[in-house]
Protein chains: 2
Amino acid sequence: MRDVARRAGVSVATVSRALDGSSTVAEETALLVQNAVEALDFVPNISARTLKYGQSRALGVIIPDLSNPFFFEFLREFEALASANEQVVLLANAETSTGGPRSSVRQMLMRLVDGVVVMPSIDELEPYQLLTLRKVPTVAIDSRRVGPYFSDVSLMHEEGMLQAVGCLKELGHRRIAFIAGSEGLFISSIRLEAFRSALRKHLIPERAGYIRAGNYRVDGGDREMRALLELRDRPTAVIAINDMTALGALRAARAASVSVPGDVSVIGFDGIELDEVVSPTLTTISVSRAHMAKSCHTALKELQTARHHEGRQFQVPVELVRRQSTGPARRLRKAVL
Amino acid sequence: MRDVARRAGVSVATVSRALDGSSTVAEETALLVQNAVEALDFVPNISARTLKYGQSRALGVIIPDLSNPFFFEFLREFEALASANEQVVLLANAETSTGGPRSSVRQMLMRLVDGVVVMPSIDELEPYQLLTLRKVPTVAIDSRRVGPYFSDVSLMHEEGMLQAVGCLKELGHRRIAFIAGSEGLFISSIRLEAFRSALRKHLIPERAGYIRAGNYRVDGGDREMRALLELRDRPTAVIAINDMTALGALRAARAASVSVPGDVSVIGFDGIELDEVVSPTLTTISVSRAHMAKSCHTALKELQTARHHEGRQFQVPVELVRRQSTGPARRLRKAVL
DNA sequence: CTGAAAGCGCTTACAG
DNA sequence: CTGAAAGCGCTTACAG
């Protein structure tokens with residue numbers, strides 16, 4: 001910057017103001033600076049500004065180590081929003097990072113990020129309080145809590161499950177099972193509760209052994225689907241906590257020569273791009289990643305200016321997308337024939 | 001830091017030295033500082049250090065906007081390495097970022113990253129020269145070039161294609177097609193050349209219309225597979241430039257009621273996790289993401305200390321993984337029967 | 001082994 | 001409209 005100033009024949013203060021844009025600089029001076037900047041290919045040093053401002057124009061994203069395409073798809077959207085705002089995305093993986101979530105949080109603090117998106121389960125939410133204590137705007141997915149410097153972006157699981165169960169009911173299904181996530185995880189229990197509540201609203205009884213604990217991954221879905229298929233009163237439909245689990249369920253059905261949707265219908269949750277690649281294509285409760293990313297970004301921005309920096313809840317709509325993995329229940333089909 | 005110094009009853013210089021670890025500090029002084037740090041929950045401000053050092057302990061990753069799980073899987077591995085080195089990952093998407101690659105590069109420069117991984121096609125390599133000019137260690141995947149501050153991590157396409165074609169030949173295939181990436185992209189032409197060279201080495205003729213231009217995505221693979229299946233002398237085997245393309249090819253075959261591997265064999269490239277989820281599971285030329293991430297990380301480290309900061313080439317081995325999508329060629333099968 | 005001081009590159013009241 | 005100067009939080013030769 002000193003070089004630029006020298007070349008333009010002005011002071012560094014003037015250069016700074018000229019680059020800032022909002023400050024008052026004579027037009028010809030600005031031009032002089034502009035030329036010098038281009039001639040020297042000047043790139044400002046952000047850390048100097050950060051040191052001054054206490055803000056780095058960087059946003060952190062802390063993602064759990066689930067090998068889930070959904071997160072990548074979210075990340076893509078979020079990065080686009082950040083870069084449109086001249087912000088950069090700092091990535092940290094809560095699990096694989098040496099030191100776990102605490103070290104991720106520490107990195108975010110050391111770098112004075114302008115905000116952090118956390119995609120954890122509630123069990124792990126505690127380490128992130130360090131962020132809000134230090135007044136770093138933080139938004140968590142599906143934490144269902146708000147507070148100072150802390151907002152929540154929640155998916156509308158209830159509506160999604162209601163639609164899914166409703167759709168199955170229409171197709172004649174009464175024996176509907178659910179493959180949840182790992183036991184004890186909060187998100188898992190939210191979706192499970194949403195499922196149960198949907199059953200109740202549709203007056204469908206919950207059956208013994210119909211609620212299974214998966215692990216959000218393909219292998220968990222595969223394993224639990226096998227178990228379900230071995231039940232005496234085998235379900236005619238299965239809803240999975242996410243698409244990866246549902247894909248595992250499809251695989252298990254294939255391996256057991258159980259036809260989908262002929263013998264059993266399957267519904268996932270997320271709406272990842274793969275759903276349309278597998279066969280049968282997967283019916284799913286689809287979440288708009290763009291909407292989710294937008295909510296997260298807005299939430300972080302709002303927290304900076306909100307009164308008392310108090311957070312609020314954002315709702316992300318979901319939508320049942322019907323594809324090949326759902327069809328009429330066996331019994332109904334026979335009746336029709 | 002001033003607070004810590006005050007509380008510990010020492011100067012900030014001493015605090016800095018105590019935290020540094022390598023400097024000489026009396027043991028009891030160090031303890032005093034340690035206590036103060038803990039009492040105040042002190043988190044150092046990295047930008048101050050960056051300002052001083054000119055290094056930020058951040059690594060940039062610039063990824064093209066391909067909706068390809070392979071990149072995420074790579075990113076995961078790379079992030080783990082970075083965080084084990086107390087480095088953070090700065091993510092930029094070359095395409096979606098407003099301003100394209102140039103603005104991504106600018107962000108990296110402004111933030112004084114210690115190195116950058118670029119995963120582009122050669123067409124786009126030029127903007128990244130700004131990095132090496134400014135002495136930022138840069139490593140590109142499959143660029144096949146090296147230079148000052150510039151290393152290359154190349155996959156061993158030739159070996160992979162040789163194995164793939166060899167495997168198909170053994171199974172009796174002679175009519176082998178290839179679905180490439182977008183025309184004009186360098187990576188696409190590397191893999192295509194590797195395929196052609198493999199054909200030559202195995203004395204298999206290349207047929208008209210057997211080389212197709214896809215787009216690295218499912219829809220491109222789908223589209224080109226349909227075209228291939230409509231040929232009069234339909235191929236008995238298809239190799240795709242990457243797994244997403246191969247998955248598209250599988251879908252097209254399914255839609256056309258063409259059996260895989262009964263009527264046609266399919267081989268992908270990458271080895272993404274999904275290959276084992278689809279049906280039939282996908283035979284692929286698998287690339288170790290861990291190895292690739294390790295090479296990139298090492299390359300960046302090396303460039304800082306190398307003589308004249310001259311880059312070099314790293315080779316990442318690949319390996320054919322046989323799964324369900326490959327089988328004996330029709331003709332051979334008949335002969336056997 | 002420790003402290004005072006300079007300096008990294010920027011921004012911004014404060015004068016003029 | 002512009003310049004000189006202080007200061008952001010850290011590190012590190014330089015004395016002691």
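Order of the sequence lines sets the chain letters (A, B, ...), proteins ahead of strands, with each chain counted from 1.
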When the side chains of residues 26-44 of chain A are checked against the rest of the protein, which donor-acceptor pairs come out under 3.5 Å, sequence neighbours left out?
residue: A/Asn35; atom: ND2; partner: A/Leu31; partner atom: O; Å: 3.4

Determine the minimum heavy-atom distance between A/Arg145 and A/Asp152, stating which atoms define it. O-CB, 3.3 Å
Trace of the salt bridge (charged side-chain N to carboxylate O under 4.0 Å, His left out) decision for B/Arg76 with B/Glu273: CA-CA 13 Å; B/Arg76 238 169 42 202; B/Glu273 291 170 358; 3.2 Å; yes
Results of ring-ring contact (aromatic ring centres under 6.0 Å, His included) for B/His309 - residues two or more places apart only: B/Tyr149
The reported gap from CG in B/Asn242 to CG in B/Asn68 (rounded to nearest 0.5 angstrom) is 5.5 Å
Hey, can you pull the donor-acceptor pairs under 3.5 Å for the side chains in residues 46-53 of chain A, sequence neighbours left out?
residue: A/Ser47; atom: OG; partner: A/Asn45; partner atom: OD1; Å: 2.5
residue: A/Thr50; atom: OG1; partner: A/Ile46; partner atom: O; Å: 3.0

Near DNA chain D, counting only heavy atoms under 4.0 Å, which residues of residues 52-59 of chain B show up? B/Lys52, B/Tyr53
Base, sugar-phosphate, or nothing: which does A/Thr50 touch, judged by heavy atoms less than 4.0 Å apart? nothing
Quick check: on DNA chain C, is the nucleotide nearest B/Glu28 upstream (toward 5') of the one nearest B/Ala48, or the reverse? Name the residue that is more 5'. B/Glu28
Pair pattern of DNA chain D in dot-bracket, where unpaired bases get dots and | marks partners in another strand, Watson-Crick or G-U under 3.5 angstrom: |||.||||||||.|||
Sorted by chain and number, sequence neighbours left out, side chain to side chain contact (heavy atoms under 4.5 Å, CB included) with A/Ala306 holds for none
Using the C1' atom as the reference point in each nucleotide, state the distance between C/dG16 and C/dT12 in Å, no decimals. 16 Å
Run the ring-ring contact (aromatic ring centres under 6.0 Å, His included) test against A/Phe74 and tell me which residues pass, sequence neighbours left out. A/Phe78
For A/Tyr128 against A/Pro101, the heavy-atom pair lying closest together: OH-CB, 3.3 Å
Pick the closest DNA chain C nucleotide for B/Ala30 and for B/Leu51 by heavy atoms, then say which residue is nearer the 5' end. B/Ala30
Of all residues at least two apart in sequence or in a different chain, which pass the side chain to side chain contact (heavy atoms under 4.5 Å, CB included) check with A/Glu310? A/Pro148
Residues in contact with DNA chain D, drawn from residues 5-19 of chain A - heavy-atom cutoff 4.0 Å: A/Val10, A/Ser11, A/Ala13, A/Thr14, A/Arg17
Considering only heavy atoms of chain A and a distance under 4.0 Å, specify the first and last nucleotide of DNA chain C in 5' to 3' order that meet this criterion. C/dG9 to C/dA13
Could you tell me which residues satisfy side chain to side chain donor-acceptor pair (under 3.5 Å) with B/Thr298, sequence neighbours excluded, listed by chain and number? none
Return the set of residues passing salt bridge (charged side-chain N to carboxylate O under 4.0 Å, His left out) with B/Arg144 (not counting sequence neighbours), or none when no residue passes. B/Glu158
With the threshold set at 4.0 Å, does a side-chain nitrogen-carboxylate oxygen contact exist between A/Lys294 and A/Glu77? no
